[in-house]
Amino acid sequence: MSHVELDSPIQHRDPIVDLDWIPRFRATMANSVFPRLPGFRDFPPEDFALRTHICEAWRRVARRYGFLEYDGPPLEPIELYVQKSGDEIVNQLYSFIDKGDRQVSLRPEMTPSLARILGARSRGMSKPIRWFSLPQLFRYERQQRGRLKEHFQWNVDLIGEAGVAADAEILAVAIDGLRELGLTSDDFVARVSDRRLVQILLEVVGVPEDAIAATLAIADKLGRKQESVVRDMLVADLEFSDDLAKQVLAIFLAPSLEDLDAQVLSDSRVSEGIASFHEFVARLGEMGLGEYVEVDLKIVRGLAYYTGVVFELFDRQGELRAICGGGRYDRLLELVGGEPLPATGFGMGDVVLGELLADRGLIPTFQRELDYFVVVVSAQERPEALRIAQALRESGKSVAYSFRNQSLLKQMKAAGREGATVALIIGPAELERGCFIARDMTSGEEREVVLSDLI
Ligand code: HAM
């Protein structure tokens, strides 16, 4: 049977009154299993195991840095995202009007929810606040390699600390999240920039303040579009002179901060900005993570709320989209009505990361695991088998057995399929003596045991 994906939405009608879509739908479905929406994933156990492998590594690292896990609702009022997140995400919202006439949206990112949750409770909390979360997020994006309509995203945020030390700590968590999964500096790199510094640089070369956001949005395309196309956009869309467009591009494409124009570097606001950015990079060096970090002023981030250090993590080969993105957002909590608190954090998705782990051969092979499989020689031993199985389960062991009367051979094969470490075999002789045979499924070794030997 083929597996189809349902691309054209079924009209939403009252199913009790109007059922004439059913034969049409059945015709679409002929010879296929029930469809899955495009861009969504099923997680059968072997795929769920990979998700668990990734999420548990993320959890271990976050806890090692002292972060506490939280969550929020998957559905939020749409206003939380409009204006706060920026046009790109707002155009990708899974939004609808609920039965109470509220405009709502599935969460496309976690940061606005975090700001909302803290807005209501941060005043009484000691700072800094270290929180992490593993939400499933939904964005109506065109499906492509590394991009789906849903993904799980590790969010780690540090709130209430304004200095670059907090930015460095946050990036260290992101880097360690990937190292925990076996990736090294040969596999990935963190490209870092500073939106505030870039804004100062743009102002110094003469970009008007009200054109800064649009300039950043155009510069965001530099990784994907040719330099000449981006220059033409600056001239055509923002009415920059050729000279200004050239100076703007020189900023974003500078191989290092030292390569910026000497006159620009002599501005006192620029040198202050550079000193603080250098401190951020130096901190990571002191933590032993310097080899993972590269300065790249092209990293501006698509989301509207960032105000300082920003970063994105990429595979070294440059074959995949960003694995992780984050930075400082000092105004967001205030914007959603909370205490004005500085904040910094990141989101790391499981989709691109899964691709990278697969490319590097770092996905563990899926193995079924079971402590015991109980095998009976005849139906007569079944009550004793059930008693043993329950006693072992109560002691925390995993146990399975055949539900039907089957030959010994079939039961032993089932034990193998289930991944049992040990088969416990009970026959009439064992029943009489109050014991059973424990067979090691790998070595084939057998020994006689009683229940208390196993618990
Ligand atoms: P973001 O850059 O939009 O940031 O997403 C972070 C990461 O989530 C991306 O680098 C990517 O790996 C993954 N991701 C995003 N969209 C998709 C998609 N459609 N399919 C698969 N993976 C995806 C944020 O969301 C910020 N709220 C992160 C943040 C937290 N900033 C501060 N705190």
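Numbers here simply count residues along the sequence, with the first being 1. All ligand and atom numbering here is 1-based and tracks the order in the structure. Note that the structure is predicted; figures quoted are calculated from it, not measured.
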Under 3.5 Å, N or O to N or O, is [X] touching ligand 1 that way?
X      : result
Cys324 : yes
Tyr329 : no
Asn155 : no
Gly326 : no
Ala322 : yes
Val156 : no
Asp157 : yes
Gln153 : yes

At what distance is the nearest protein heavy atom to [atom], and which residue and atom is it?
atom                    : value
atom 24 (C) of ligand 1 : Leu303 CD1, 3.5 Å
atom 20 (N) of ligand 1 : Leu148 N, 3.1 Å
atom 14 (N) of ligand 1 : His151 NE2, 3.3 Å

Tell me whether the guanidinium CZ or amine NZ of [X] lies under 6.0 angstrom from the six-membered ring centre of [Y] and within 45° of its axis.
X      : Y      : answer
Lys149 : Tyr140 : yes
Arg130 : Tyr65  : no
Arg139 : Tyr94  : no

Per-atom contacts of ligand 1 with [X], taking only distances under 4.0 Å to non-hydrogen atoms:
X      : value
Ile323 : 10 (O), 12 (O)
Gly325 : 10 (O), 28 (C)
Arg139 : 1 (P), 3 (O), 5 (O), 15 (C), 16 (N), 24 (C), 25 (O)
Tyr306 : 26 (C), 28 (C), 29 (C), 31 (N), 32 (C)
Thr111 : 26 (C), 27 (N), 29 (C), 30 (C), 31 (N), 32 (C), 33 (N)
Gly347 : 6 (C), 7 (C), 28 (C), 29 (C), 30 (C)
Tyr305 : 26 (C), 27 (N)
Gly146 : 20 (N), 21 (C), 22 (N)

query: Rounded to the nearest 0.5 Å, how far does CG of Leu114 lie from OG of Ser133?
result: 8.5 Å
- line: Smallest heavy-atom separation, Val82 atom then Val90 atom, equals CA-CG2, 3.8 Å
- prompt: Can you name the closest pair of heavy atoms from Asp194 and Gly308 and give their distance?
  reply: OD1-C, 3.3 Å
Hey, would you say the [X] and [Y] ring centroids sit under 6.0 Å apart?
X      : Y      : answer
Phe346 : Trp154 : yes
Phe314 : Phe188 : no
Tyr305 : Tyr329 : yes

- request: Evaluate the side-chain proximity of Arg41 to Phe43: yes if any heavy-atom separation is below 4.5 Å, no if none is.
  value: yes
message: Would Arg301 count as a contact residue for ligand 1, given that I'm defining contact as a non-hydrogen atom of the residue lying under 4.0 Å from a ligand atom?
response: yes
- prompt: Is it true that Glu141 lies under 4.0 Å from ligand 1, counting heavy atoms only?
  reply: yes
- prompt: Run the side-chain hydrogen bond (donor to acceptor under 3.5 Å, both in side chains) check on Arg196 and Gln199 step by step: do they pass?
  reply: CA-CA 5 Å; Arg196 200 168 40 101; Gln199 175 161 352; over 6 Å; no
query: Around Arg60, counting heavy atoms of other residues, nucleotides and ligands shown, do more than 12 lie under 6.0 Å from its CZ?
result: yes
- prompt: Does the distance from a Lys or Arg side-chain N to an Asp or Glu carboxylate O, for Arg368 and Glu418, drop under 4.0 Å?
  reply: yes
